[in-house]
Amino acid sequence: MKPYQKIPIQECDEPLVAIPLGKFAIESPHPYEKLGANYRGQSPYSLRQGVLEALINAQTYLHQRYPGWKIKIFDAYRPVEVQQFMVGYTLARLLRERGLKQENLSSEQRQKLLEEVYQIWAVPSDNPATPPPHSTGAAVDVTLVDATGNTLDMGGEIDELSPRSHPDYYANMTSEKERLYCTRRQLLYEVMREAGFCRHPGEWWHFSLGDQMWAWQHSRENLDNFLAARYGRVLNL
Ligand SMILES: C[C@@H](N)C(=O)N[C@H](C)C(=O)O
Ligand SMILES: [Zn+2]
């Protein structure tokens with residue numbers, strides 16, 4: 001269990017709403033639908049109302065600093081079944097890359113590989129007390145697009161299983177390119193933080209507001225002010 005999963009949830013019952021796609025840049029077709037993930041008619045481009053409002057604010061802050069630039073949404077709401085699908089997909093990809101076969105793995109080997117997968121993916125828990133962050137509709141994976149519509153190179157791909165995914169990976173590097181990646185990651189962090197989001201400690205692209213990870217980070221930074229999460233798993237109809 002990750003420490004943030006111990007944070008209590010006081011569900012506020014705010015609705016999951018559609019993201020107005022015209023306002024943002026989006027990854028299209030949706031990256032996980034393209035891989036075969038089944039959303040059962042729900043849209044991955046949905047967020048809790050208050051989280052969407054904050055994302056719109058983040059884009060306003062970005063415009064104030066870089067007119068014409070946009071936040072590009074890679075992923076938002078993710079049902080637990082899709083979380084499970086992506087964990088399975090990532091494990092299968094690791095096996096393929098390493099020339100391994102699932103049926104030949106010892107349980108220890110399988111566990112080690114799964115631990116690697118869980119470095120960047122949350123466990124697809126069905127327990128309402130420990131929902132995967134995106135299943136709450138309060139987490140979003142984003143990057144930046146410039147005024148000409150180009151997706152900026154952030155020095156690593158979203159969902160990359162590598163040390164480059166760490167937000168500070170380029171912090172002490174000195175080449176012009178490395179400094180640029182660092183500046184771009186910092187810009188994304190600053191506009192999202194100004195809007196109230198927290199960033200995943202190990203992923204430059206993952207932000208959330210009001211979920212357990214957010215409440216955990218918030219409580220760590222403000223020791224006198226313990227917060228519960230206000231968004232739990234979105235209940236499917
Ligand atoms: C891997 C990435 N897309 C992501 O969303 N990671 C977080 C931790 C998650 O699975 O909730
Ligand atoms: Zn994410």
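Whatever order the structure lists ligands and atoms in, that order sets their numbers, starting from 1.
Between E116 and R93 no salt bridge is recorded (no basic side-chain N to carboxylate O distance below 4.0 Å). At a threshold of 4.0 Å, the pair R184-D153 does not count as salt-bridged, since none of the basic side-chain nitrogens sits closer than that to a carboxylate oxygen.
Tracing side-chain contacts under 4.5 Å through hydrophobic residues (I, L, V, M, F, W, Y), one never reaches L152 starting from Y169; they form parts of separate clusters.
Within 4.0 Å of ligand 1, counting heavy atoms only, the contacting residues are Y32, R78, Q83, I120, W121, A122, P133, H134, D141, D159, H200, E203, W205, H206.
Taking the N/O/S atoms of D141 in turn, the shortest distance to the Zn ion (ligand 2) belongs to OD1. Note on H134: its N/O/S atom closest to the Zn ion (ligand 2) is NE2. Taking the Zn ion (ligand 2) as reference, the nearest N/O/S atom within H206 carries the name ND1.
Identified under the side chain to side chain donor-acceptor pair (under 3.5 Å) test for residues 190-201, with sequence neighbours left out: R65-E190, Q186-E190.
No side-chain donor from either of N127 and S125 sits under 3.5 Å from a side-chain acceptor of the other.
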Could you list the donor-acceptor pairs under 3.5 angstrom formed by side chains in residues 20-29, with sequence neighbours left out?
{"from": "E27", "atom 1": "OE1", "to": "K72", "atom 2": "NZ", "distance (Å)": "3.2"}

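The side chain to side chain donor-acceptor pair (under 3.5 Å) test applied to S208 returns D211, not counting sequence neighbours.
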